Amino acid sequence: MFTIRAKDKECKARTGVLTTAHGDILTPVFMPVGTGATVKGVLQRDLAGEMDARIILGNTYHLYLRPGTEILKSAGGLHKFMNWDRALLTDSGGYQVFSLSGIRQLSTDGVTFRSHIDGSKHLFTPENTIDIQRIIGADIMMALDECTPWPCEYKAAKKSMYLTHQWLDRAIARYRETGPSWGHNQYLFPIIQGSTFGDLRKESAEKAAASGMEGMAIGGLSVGEPAEEMYGMIEVVNAILPEEKPRYLMGVGTPANILESIERGVDMFDCVMPTRNGRNGMLFTTGGIINIRNNKWANDFSPIDNGCPSYVSRTYSKAYLRHLVISGEMLGAQIASMHNIAFYLYLVAEARKKIEDGDFLKWKKEVLTKLSGRL
RNA sequence: GGGGAGAUACCAAAGCGGCCAACUGGGGCAGACUGUAAAUCUGCUGGUGAAUACCUUCGUAGGUUCGAAUCCUGCUCUCCCCA
């Protein structure tokens with residue numbers, strides 16, 4: 001169930017609460033990505049503790065390949081397996097249709113992957129991805145979709161969108177005829193496609209809205225198109241989606257992307273950026289973006305980010321983190337990931353506060369000015 | 001004291017007459033990364049220049065040659081073996 005708490009008067013931003021079997025999620029929310037049953041480099045205790053992440057992601061494709069459904073079944077589901085008693089969302093593998101395009105084959109029935117681990121063949125269908133997500137026990141399951149690359153011809157985008165819609169009907173049918181494996185309620189979110197074509201996005205949003213599901217996802221964006229085009233598509237889609245349902249923009253994004261999307265009425269986000277880019281030395285801070293590997297930080301003993309409330313951000317110096325990252329020390333990747341996630345969660349927490357205080361737009365402008373700078 | 005091997009850019013190491021401003025690693029410098037095949041990938045790394053180019057480099061001083069990191073001679077230094 002989703003309850004709207006506050007609406008901004010000057011834009012479409014809103015705050016709300018999404019209730020799940022594993023706790024309430026305050027929106028707008030950022031969901032750290034934990035593809036293979038781990039948010040890389042970060043303990044669940046820290047995620048739930050100081051950072052207060054209410055929900056994280058897992059990935060159906062990755063978990064199905066490893067550890068596999070049998071082990072997840074024996075474990076009693078993913079929550080127990082990974083010691084995470086807060087909410088989980090699993091992506092269906094639709095993104096892998098896109099990112100593993102070299103080793104997969106599409107058919108109406110579903111998509112055949114060659115495992116990136118051992119090359120073995122596996123068929124994903126709208127039905128069996130629901131079954132797998134039932135075993136995983138995600139609080140929010142995603143329908144199997146085809147995430148189209150960008151740029152994409154109109155005809156191809158349309159064909160792909162219809163395939164996604166067909167798959168959605170089948171996923172919902174399977175969802176309705178099955179129940180949760182572990183006794184707790186699971187939502188299923190449909191995914192809107194349509195590339196960067198307004199009329200396709202509109203049609204796809206109507207399809208999702210008509211599904212009656214508890215929330216709706218916008219997929220197929222942030223795949224290379226200019227940010228302005230992405231924002232345009234969000235506006236088209238959000239004009240159609242029911243107000244009283246949460247909207248999840250998949251895979252987004254940069255801090256700026258997130259704030260711009262919140263302004264346009266998006267409630268949920270996930271992105272690998274804070275962790276992956278963190279591991280690669282990129283830090284998001286309240287003062288701007290930092291490449292911690294750069295020589296200019298070698299003698300900077302000031303904290304990573306005093307403006308960010310997390311322990312690692314205020315405790316460790318830039319010079320120390322630079323040393324760790326450059327030396328390839330594990331702790332460097334961990335601290336960078338923890339800081340970035342803490343920063344993202346802090347950012348959306350502030351956004352919620354500002355929406356409720358009624359000065360989101362003014363705050364957003366100030367934040368973006370600072371964030372646009374490269375330090 | 002006798003015999004042998006070697007000195008190449010920040011480090012290691014190839015090259016042994018022209019295709020060499022010099023392979024390749026490492027290090028260094030910078031960039032990319034958006035529902036994670038990523039603790040990954042890319043570029044640059046003698047100087048000046050946007051570039052054709054030009055200038056200065058392969059221990060050192062000479063020499064041979066149209067042309068030398070590559071061949072010859074002296075010197076300096078390093079390492080190994082035998083006494």
Side-chain angles (χ1 to χ4, degrees), chain A residues 30-42 55-63 65-66 88-104 113-119 129 133 138 140-150 164 189-193 216-227 230 248-258 260-261 266 268-284 289-298 322 324-337 340 344 374:
Chain A
F30 179 77
M31 309 182 279
V33 177
T35 307
T38 164
V39 174
K40 294 185 196 300
V42 186
I55 174 169
I56 61 175
L57 257 69
N59 185 285
T60 303
Y61 166 82
H62 294 269
L63 294 170
L65 288 180
R66 268 196 315 217
L88 278 171
L89 179 152
T90 40
D91 185 30
S92 58
Y95 187 74
Q96 280 62 46
V97 175
F98 161 74
S99 68
L100 304 178
S101 60
I103 50 176
R104 57 93 169 139
F113 291 103
R114 302 215 76 115
S115 157
H116 69 275
I117 300 163
D118 64 5
T129 47
Q133 292 180 91
I140 302 173
M141 306 187 286
M142 301 304 299
L144 185 66
D145 68 325
E146 185 194 2
C147 176
T148 47
W150 187 89
T164 292
F189 283 16
I191 301 174
I192 295 158
Q193 288 290 341
M216 326 266 141
I218 308 168
L221 291 176
S222 66
V223 287
E225 78 285 0
M230 173 168 83
Y248 164 29
L249 178 59
M250 305 185 77
V252 173
T254 64
N257 289 160
I258 289 174
E260 293 292 349
S261 303
V266 176
M268 304 169 70
F269 302 89
D270 78 280
C271 192
V272 302
M273 247 186 201
T275 43
R276 180 194 287 166
N277 290 30
R279 286 195 302 279
N280 294 331
M282 181 173 177
L283 303 183
F284 299 92
I289 290 170
I290 287 176
N291 182 345
I292 199 65
R293 297 189 326 248
N294 287 175
N295 183 257
K296 62 179 162 193
W297 307 115
R322 174 177 193 269
L324 294 179
V325 169
I326 277 195
S327 311
E329 290 288 349
M330 289 188 285
L331 187 59
Q334 289 179 279
I335 291 175
S337 300
N340 278 348
Y344 267 65
R374 182 117 198 185

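Heavy atoms only: backbone and side chains are in, while hydrogens, waters and symmetry mates are out. Just so it is clear, the model here is predicted, and its values are computed rather than measured. Below, read A as the first sequence line, B as the second, and so on, with proteins coming before strands; counting in each chain starts at 1.
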remark   = Which of rG35(B), rG28(B), rA37(B) is nearest the side chain of Ile103(A)? It is rA37(B)

Selection from rG35(B), rG31(B), rC29(B) that lies nearest to any side-chain heavy atom of Ile326(A) =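 Of the options given, the side chain of Ile326(A) lies nearest rC29(B).
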
query = Roughly how far, to the nearest 0.5 Å, is CZ of Phe189(A) from OG1 of Thr90(A)?
reply =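 It is 11.0 Å, given to the nearest 0.5 Å.
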
Can you measure [X] atom [atom1] to [N] atom [atom2] for me and round it to whole angstrom units?
X         : N       : atom1 : atom2 : value
His62(A)  : rA37(B) : NE2   : C1'   : 7 Å
Leu100(A) : rU36(B) : CG    : P     : 10 Å
Tyr344(A) : rU34(B) : OH    : C1'   : 8 Å
Met282(A) : rA32(B) : CE    : C1'   : 9 Å
Met230(A) : rG35(B) : CE    : P     : 11 Å
Ile55(A)  : rG35(B) : CD1   : C1'   : 12 Å
Asp91(A)  : rG35(B) : CG    : P     : 10 Å
Lys296(A) : rA30(B) : NZ    : P     : 8 Å

Would you indicate what [X] reaches in the nucleic acid, counting non-hydrogen atoms under 4.0 angstrom: base, sugar-phosphate, or nothing?
X         : value
Asn59(A)  : sugar-phosphate
Gln193(A) : base
Asn257(A) : base
Asn277(A) : base
Gln334(A) : nothing
Ser115(A) : nothing
Gly224(A) : nothing
Ile191(A) : base

inquiry  = Under a 3.5 Å threshold, yes or no: a donor from one side chain and an acceptor from the other, between Asp91(A) and Tyr61(A)?
reply    =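 No, Tyr61(A) and Asp91(A) have no side-chain donor paired with an acceptor closer than 3.5 Å.
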
query = Can you say whether the rings of Tyr344(A) and Phe284(A) are parallel (under 30°), tilted (30 to 60°) or perpendicular (over 60°)?
reply =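 Plane angle over 60°, so perpendicular.
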
inquiry  = Generate the contact string for nucleotides 39-46 of chain B. Rules: B means base contact, S means sugar-phosphate contact only, - means no protein heavy atom under 4.0 Å.
reply    = BB------

Reckon [X] has a side-chain N or O less than 4.0 Å from the OP1 or OP2 of [N]?
X         : N       : result
Thr35(A)  : rU36(B) : yes
Gln96(A)  : rG35(B) : no
Asn295(A) : rA30(B) : no

Residue pair [X] / [Y], side-chain heavy-atom distance below 4.5 Å:
X         : Y         : value
Leu57(A)  : Thr35(A)  : no
Ser337(A) : Lys40(A)  : no
Glu146(A) : Gln193(A) : no
His62(A)  : His116(A) : yes
Ser92(A)  : Asp145(A) : yes
Tyr248(A) : Leu89(A)  : yes

request  = Return yes if the base of rU36(B) and the side-chain atoms of Ser99(A) contain a donor-acceptor N/O pair under 3.5 Å, otherwise no.
outcome  =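 Donor-acceptor pair under 3.5 Å: no.
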
key: Stem segments of RNA chain B by first residue number [Watson-Crick or G-U, under 3.5 Å, at least 3]   =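 Looking at RNA chain B, the stems formed by three or more consecutive pairs are B:1-7 with B:76-82, B:10-12 with B:24-26, B:27-32 with B:40-45, B:46-48 with B:53-55, B:59-63 with B:71-75.
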
